[in-house]
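Report on one structure; see the data block that follows.
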Amino acid sequence: MNRTRSEQLFAEALKYIPGGVNSPVRAFRAVGGQPFFVNRASGAKIWDVDGNELLDYVGTWGPAILGHAHPKIIAAVKAAADHGTSFGIPNPLEVTMAKLICERVPAVKKIRMTSSGTEACMSAIRLARGFTRRDKIIKFDGCYHGHADSLLVRAGSGALTFGNPDSAGVPPAFTQHTIVLPYNDEDAVTACFAANPNQIAGIIVEPVPGNAGLYLPQPGYLEFLGEITRAHGALLIFDEVMTGFRLARGGAQERFHITPDLSTFGKVIGGGLPVGAFGGRAEIMDCLAPLGPVYQAGTLSGNPLAMAAGLANLAELEASDAYAKLEKLGEQLAAGMRDAAKSAGVPVQVNACGSMFCTYFTSAPVHNVADAMKSDRERFKKFFHGMLDAGFYFAPSQFEAGFISTAHAPADIEKTVAAAAKILRGL
Ligand SMILES: *Cc1c(COP(=O)(O)O)cnc(C)c1O
């Protein structure tokens, strides 16, 4: 595969952009080699600047649930742009979007838009703290909630230790109220509430964690989180930036029948434009400025182009019976990958939920980040590059989920599985 133009662009990018990229995973550090540059995408396919065609399982990390450059989204953005790109005063599309989210996600009674998932999660945490008048929050090791200071922490040494910052530039004082626990471990949460009476504002959790690969909640685990937060006057915050409007019409909370107090969204609700949102119970949301004492704002929040793209995405998902289709495609891919690995004699765990999936190279089931760490990353690298060279783009890290879109045809999945079988046999 000729990548001359990508190589030239990357050399140029390295001079002016740190690491040559505007978000670290794009640099391919986890898999080695260099990123390719894309200047065109349509349906399930992307084309790099050297003209190579790739079948895409990254889907711009989730938003492209209908595939790339869906004609209805493009038309909606063009129509909105004709009327102006930003007004800085309420616009009608914001109301349509808020109403639509509230209708599809019954736990959300009021919602506020942001420009990224990071902002949505940061604001939801501030709101939970302001509403409960408590400082501490629980997050889970391996769950990603954007790069706000107090959320950029993984586990400390013991289950009950306070978090250590995950990044230089985050003073430990900024994360001292963030408690990090292992996912899928009820006892750790119970012990934490016992050790911190009346101090925990809430739990933030990805209901189906997709930022350390992909693993599922054990049966009853999400219900347990709902019960224990309720019992202790703390809030349950579902970070559905990735799962919202992807795992079901009403997100993971619909799929697993849970009613969180607050929810955050992003990705799919922006249709590929920069968007986030957080919403939930009305009495909590009404603590936000200008009604209440919790400050939160954004120059471009509710941006008309982003609202138009998101509304077109959500409307088309509804109109096209997308979720049933995505379920089938997801099952086809997971079953195919399992068969391919079995016939190749390579131990893998194919974790899947709807249109999200991850292949770990280990013989043991993966239920949390500690399990995920056991995956043979050398094998993953070889698998990744083998697939890429064969024309299939999977996420360039073992610790990212893959995404299927409605633009993927069953024949595409078949081709993918056949290519994977060949590469797995060579591992
Ligand atoms: C992507 C993601 C975020 C961050 O969203 P950005 O738009 O990248 O800031 C937060 N939480 C989850 C679960 C995500 O997948």
Side-chain angles (χ1 to χ4, degrees), residues 21-26 57-65 105 112-128 137-154 166-167 178 180 183 202-217 222 225 236-247 251-253 255-256 260 262-280 296 298 300-303 306-307 309-310 313 351 353-358 368-369 372 395-397 399-403:
V21 293
N22 283 312
S23 198
V25 71
R26 298 179 197 168
Y57 286 97
V58 179
T60 187
W61 304 97
I65 190 167
V105 188
R112 186 168 274 178
M113 305 306 299
T114 63
S115 295
S116 69
T118 294
E119 281 175 81
C121 295
M122 175 186 82
S123 304
I125 293 292
R126 183 181 305 147
L127 180 58
I137 54 150
I138 294 174
K139 80 171 280 288
F140 297 100
D141 190 16
C143 282
Y144 178 68
H145 306 293
H147 60 93
D149 283 343
S150 77
L151 291 169
L152 214 51
V153 220
R154 56 161 63 102
D166 227 13
S167 164
T178 308
V180 185
Y183 186 80
I203 295 179
I204 186 164
V205 62
E206 289 181 73
V208 180
N211 282 289
L214 182 79
Y215 37 84
L216 278 78
L222 296 174
L225 295 181
L236 179 61
I237 306 166
F238 264 20
D239 178 353
E240 296 229 42
V241 171
M242 187 182 280
T243 55
F245 305 92
R246 172 168 286 276
L247 289 187
Q253 52 195 279
R255 193 177 179 108
F256 293 94
L262 291 173
S263 304
T264 61
F265 302 99
K267 299 189 170 118
V268 169
I269 60 163
L273 271 79
V275 165
F278 64 107
Q296 191 276 336
L300 295 177
S301 297
N303 175 269
M307 295 303 96
N313 209 16
N351 285 3
C353 188
S355 54
M356 293 164 65
F357 66 93
C358 179
N368 57 35
V369 73
S397 163
F399 302 113
E400 299 287 351
F403 298 99

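We count ligands from 1, going down the list as the structure has it; atoms in each ligand are counted the same way.
When atom types are taken as modelled, the side chain of K139 and the backbone of V153 share a donor-acceptor pair closer than 3.5 angstrom. A donor-acceptor pair under 3.5 Å is absent between the side-chain atoms of E119 and the main chain of G276, judged by distance alone. Distance alone, capped at 3.5 Å, is enough to place a donor-acceptor pair between the E240 side chain and the A252 backbone.
Protein residues having a heavy atom under 4.0 Å from any atom of ligand 1 are S116, G117, T118, Y144, H145, G146, E206, N211, D239, V241, M242, K267, listed by chain and number.
Residues that satisfy the side-chain hydrogen bond (donor to acceptor under 3.5 Å, both in side chains) test with R112, not counting sequence neighbours, are Q296. For F265, the ring pair (Phe, Tyr, Trp, His ring centres under 6.0 Å) criterion is met by F245, not counting sequence neighbours. The side-chain contact (heavy atoms from CB on, under 4.5 Å) search around M307 returns L93, E94, M97, M113, V275, not counting sequence neighbours.
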